[in-house]
Amino acid sequence: MSQRIGGHVDSSDPVAEALARGATLSQIFLGDPQSYKGPVVAYAGGAPALKAAAEDAGVDLYVHAPYPINVASTNNRVRIPGRKLLQQHLHAAAEIGAKAVVVHGGHLGKDEDAAVGFDNWRKCIDGLDLPVPLLIENTAGGDNAMARRLEAIARLWDAIGAASGGDQVGFCLDTCHAHAGGNDLGDVVDRVLAITGRIDLVHANDSRDTFDSGADRHTNFGSGLIDAGDLADVVRAAGAPVVCETPGGVEGQAADIAWLRERLG
């Protein structure tokens, strides 16, 4: 099984966290995921030491951007600080040797024009320095979300395609978000690839909630409402590195990683 698999882990030592899970990658936050404060490398010795340790251990690193970032927003007080924070995380990710930065697609208010949000994404990409790829993640909720429904993702990709640097923007497919967002897992990989031409990372998560619920609540494989065969099929078909953002710490994620490996062969 050649796909690299790991978990979302504590940032103080993501290399040790990967090894404890029998994993080959780790995804981390750089700082407080709920804050607009800039990125912080918690690893002893800082960014150079973390980069070297990950390379020595053969562990790939991914950075998840903070949740408040919403570069689609029509509110300058949300959009502009979000762009700045995203840029800071891209530079910090490059310093630790991360493969990419993952960011949520964002949303507008229910009565706002979605076209403005998509164009704000174009402007954002136009203005970013991208020392590592930026991966946009599909989201579970919001009727005016930029990356919940496949139709919206298609409009988002059209906008990004018009931006300078659009070729450095990839896609992160979250299985829980797809299920809760109303996208059939049976054909979601083919449909996403038809839109984006790429899936760079999979967030493999079971869901505590029903199809099209709009609820973003992850759970461990086999304990949620996503068919086990469908979940494994998505990971297999995507053929991309995998992050398990499931609960239970080392034990819970190690079990989920083993569960996936058993089914992928």
Side-chain angles (χ1 to χ4, degrees), residues 29-39 63-93 100-174 176-178 180-183 191-192 195-198 200-201 203 209 212-217:
F29 292 119
L30 291 176
D32 184 349
Q34 300 290 351
S35 170
Y36 280 99
K37 294 180 180 179
V63 170
H64 198 302
Y67 296 128
I69 293 175
N70 181 9
V71 302
S73 177
T74 61
N75 184 337
N76 290 347
R77 294 183 178 181
V78 173
R79 185 181 68 259
I80 294 172
R83 286 186 190 175
K84 178 181 178 182
L85 186 60
L86 183 56
Q87 183 66 81
Q88 291 172 339
H89 275 74
L90 286 160
H91 285 150
V101 172
V102 181
V103 66
H104 288 176
H107 61 277
L108 298 187
K110 64 178 181 178
D111 296 323
E112 293 183 302
D113 183 1
V116 176
F118 296 125
D119 196 52
N120 282 341
W121 258 111
R122 178 191 62 79
K123 293 174 182 176
C124 175
I125 300 302
D126 264 336
L128 285 177
D129 174 35
L130 292 164
V132 299
L134 177 65
L135 309 183
I136 300 176
E137 179 182 353
N138 61 305
T139 50
D143 291 333
N144 208 2
M146 302 293 100
R148 174 182 178 177
R149 310 282 187 190
L150 292 169
E151 296 79 4
I153 294 170
R155 294 182 67 187
L156 175 59
W157 234 253
D158 285 343
I160 289 168
S164 174
D167 59 338
Q168 276 287 92
V169 179
F171 192 78
C172 174
L173 175 61
D174 187 301
C176 172
H177 297 177
N183 301 298
R191 294 184 69 188
V192 167
I195 293 167
T196 67
R198 58 195 290 177
D200 300 82
L201 188 68
H203 283 173
D209 299 284
D212 206 16
S213 63
D216 179 8
R217 298 197 300 169

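In this chain, residues are counted from 1 in sequence order.
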[atom1]-[atom2] distance between [X] and [Y], expressed to the nearest 0.5 angstrom:
X	Y	atom1	atom2	value
Asp200	Leu134	CG	CG	10.0 Å
Thr74	Arg79	OG1	CZ	7.5 Å
Asn120	Leu108	CG	CG	7.5 Å
Met146	Asn70	CE	CG	8.0 Å
Ile69	Arg83	CD1	CZ	12.5 Å
Ile195	Ile153	CD1	CD1	6.0 Å

Closer than 3.5 angstrom, by distance alone: can the side chain of [X] be matched with the main-chain N or O of [Y] as a donor-acceptor pair?
X	Y	answer
Asn144	Glu112	yes
His177	Asn138	yes
Trp121	Gly106	no
Arg191	Leu150	no
Arg148	Ala140	yes
Asp212	Asn183	no
Asp126	Ser164	yes
Glu137	Asp174	no

Show the nearest heavy-atom pair for residues [X] and [Y], with the distance to one decimal.
X	Y	result
Ala180	Ala215	CB-O, 3.1 Å
Gly105	Ala147	CA-CB, 4.1 Å
Ala145	Thr139	CB-OG1, 4.0 Å
Phe118	Ala152	CE2-O, 3.4 Å
Pro68	Pro33	CD-O, 3.2 Å
Val101	Ala65	CG1-CB, 4.1 Å

- Task: Take Leu90 and Val132, measure what side chain to side chain contact (heavy atoms under 4.5 Å, CB included) needs, and give me the verdict at the end.
- Result: CA-CA 6 Å; Leu90 286 160; Val132 299; 3.9 Å; yes
- Query: Is the shortest side-chain N to carboxylate O distance from Asp158 to Arg155 below 4.0 Å?
  - Reply: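 Salt bridge: no.
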- Test: Asp209 and Arg217 ion pair at under 4.0 Å: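 Counted as a salt bridge, because a side-chain N and a carboxylate O are separated by less than 4.0 Å.
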Could you tell me whether the side chain of [Y] reaches within less than 4.5 Å of the side chain of [X], counting heavy atoms only?
X	Y	value
Leu201	Phe171	no
Leu173	His203	no
His89	Lys84	no

- Tell me, with the steps shown, if Gln87 and Asp129 meet side chain to side chain contact (heavy atoms under 4.5 Å, CB included). CA-CA 7 Å; Gln87 183 66 81; Asp129 174 35; 3.7 Å; yes
- Query: So Tyr36 and Tyr67, ring pair (Phe, Tyr, Trp, His ring centres under 6.0 Å) or not? Walk me through it.
  - Reply: CA-CA 9 Å; Tyr36 280 99; Tyr67 296 128; over 10 Å; no
